[in-house]
2 protein chains.
Amino acid sequence: MMNTQNMEQKLRDAGMRPTRQRMSLGKLLFGSGDRHITAEQLHVETVQAGVAVSLATIYNTLNQFTEAGLLREVAVEGHKSYFDTNTSNHCHYYLEGEGRLIDIDGEQLTVDGLPLPPAGMKIGRIDIIVRLEKDRG
Amino acid sequence: MMNTQNMEQKLRDAGMRPTRQRMSLGKLLFGSGDRHITAEQLHVETVQAGVAVSLATIYNTLNQFTEAGLLREVAVEGHKSYFDTNTSNHCHYYLEGEGRLIDIDGEQLTVDGLPLPPAGMKIGRIDIIVRLEKDRG
DNA sequence: ATTTGTGCAAATCGTTTGCATCTGA
DNA sequence: TCAGATGCAAACGATTTGCACAAAT
């Protein structure tokens with residue numbers, strides 16, 4: 001569970017002021033295990049929680065959190081972005097139909113046969129998305 | 001090289017009428033090896049080639065081609081979509097700075113340790129994007 | 001002749017930004 | 001006090017859509 005003091009510290013460590021809005025968003029994001037969420041979904045949650053934060057501020061905050069390394073952005077389809085509270089090395093299942101992401105524990109997952117990157121370049125991150133579809137059989 | 005007859009046949013096989021616009025786009029897309037291109041880039045090419053096709057038609061056509069399996073859509077960042085003329089099993093390097101995609105020959109690349117998909121689901125496709133950054137060292 | 005495709009402009013969606021106001025240190 | 005944060009609405013870029021017109025079968 002993420003309490004007020006923890007959250008405040010987390011924000012300060014990231015060089016951000018613990019404002020009402022950031023505290024609320026932080027608690028929703030980090031208060032209950034790993035999450036994959038869009039800005040729009042988070043906005044709905046704030047309204048439901050009675051702590052409404054404007055959509056613009058949600059976008060700004062998600063971007064700040066991502067820059068600070070508290071979140072990781074996941075690109076699945078050419079439009080909306082998902083933000084993942086699990087920033088460790090892992091991959092995702094993507095349920096096309098539901099538009100939902102599920103973590104795959106990355107520890108036992110390995111990629112073999114990767115050629116050396118072009119000269120002057122180095123690997124930043126490897127994103128692996130396993131797209132799932134209904135198995136009618 | 002992709003000539004007029006080949007292209008016409010390709011379109012008919014995919015259940016599409018060989019219109020002037022689709023023929024032009026098809027030749028640009030499939031006429032010179034594997035390509036990764038955005039709608040906007042393709043639009044510029046049609047203008048340069050003197051066969052201007054409206055942007056709306058380009059989007060519609062790219063989507064139709066993708067549905068027909070002639071193209072594969074690659075999601076790299078939360079906004080623009082890339083279309084890949086290589087629909088075989090392979091992965092990509094993504095050059096963040098340049099916004100450019102490069103094929104990684106997928107044959108020798110293997111993923112190990114993938115858990116079984118959740119019940120009732122099957123794996124549709126695995127997208128692997130290796131993000132490259134400048135190596136200052 | 002009938003169906004399908006195209007172009008344009010307007011609509012939409014997700015996201016960002018300008019600016020006046022407010023808030024935390 | 002005052003840099004930094006917020007909210008709103010307008011701006012934005014990428015993509016889609018409605019509809020009148022044109023082209024393919």
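Proteins come first, then strands; the chains are lettered A, B, ... in the order of their sequence lines, and each starts at number 1. Atom set for the values below is all heavy atoms of this structure, side chains included, hydrogens, waters and symmetry mates excluded.
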* To do: May I ask you to say what B:Ser81 touches in the nucleic acid, namely base, sugar-phosphate or nothing, with a heavy-atom cut-off under 4.0 Å?
  => sugar-phosphate

* Asked: Which nucleotide in the set C:dA25, D:dT17, D:dT25 lies at the smallest distance from any side-chain heavy atom of A:Arg17?
  -> C:dA25

* Give a yes/no on whether any side-chain N or O of A:Thr19 is located under 4.0 angstrom from OP1 or OP2 of D:dT6. => yes

* Asked: Which comes earlier along DNA chain D counting from the 5' end, the contact point of B:Arg12 or that of A:Thr61, where each point is its nearest nucleotide?
  -> A:Thr61

* Structure fact -> Of the listed C:dT15, D:dT16, D:dA5, the closest approach to the B:Tyr59 side chain comes from D:dT16

* **Neighbour count above 12 (heavy atom, 6.0 Å) for A:Lys122 NZ** => yes

* **Minimum-distance nucleotide (side-chain atoms of A:Gln21 versus D:dT17, C:dT6, D:dT6)** => D:dT6

* For B:Ser88, does its backbone N or O pair with a side-chain atom of B:His90 as donor and acceptor, under 3.5 Å? -> yes

* To do: Could you check which of D:dC8, C:dA25, D:dT15 has an atom nearest any side-chain atom of A:Ser54?
  => D:dC8

* NA contact type, A:Asn63, heavy-atom cut-off 4.0 Å: base, sugar-phosphate, or nothing? -> sugar-phosphate

* Choosing from D:dA5, D:dA9, C:dG7, which nucleotide comes nearest the side chain of B:Thr57? -> C:dG7

* **Separation of C:dG7 C1' from B:Leu55 CG (nearest whole Å)** => 11 Å

* **Ring center gap for A:His79 and B:His79 short of 6.0 angstrom** => no

* **Residue closer to the 5' end of DNA chain D, B:Pro18 versus A:Val53 (nearest nucleotide)** => A:Val53

* Atom pair distance, as rounded to whole Å: CG in B:Leu62 and C1' in C:dT6 -> 15 Å

* Between A:Met23 (CE) and D:dT6 (C1'), how many Å, whole number? -> 17 Å

* Asked: When the distance from NE2 of B:His43 to P of D:dT15 is rounded to whole Å, what number comes out?
  -> 13 Å

* **Ionic contact status for A:Arg35 with A:Asp84, cut-off 4.0 Å** => no

* To do: Starting at atom CD1 of B:Ile37, determine the distance to atom C1' of D:dA14, rounded to an integer number of angstrom.
  => 16 Å

* To do: Would you tell me whether A:Asp103 and A:His36 have side-chain atoms, one donor and one acceptor, within less than 3.5 Å of each other?
  => yes

* Whole angstrom value for the distance that separates C1' of D:dG7 from CZ of A:Arg20 -> 11 Å

* Measure the distance from CE on A:Met16 to C1' on C:dT23 and round it to the nearest whole Å. => 17 Å

* **Separation of D:dA5 C1' from A:Ile58 CD1 (nearest whole Å)** => 15 Å

* Nearest-nucleotide pick for A:Ala39, side chain only, options being C:dT15, D:dG7, D:dT15 -> C:dT15

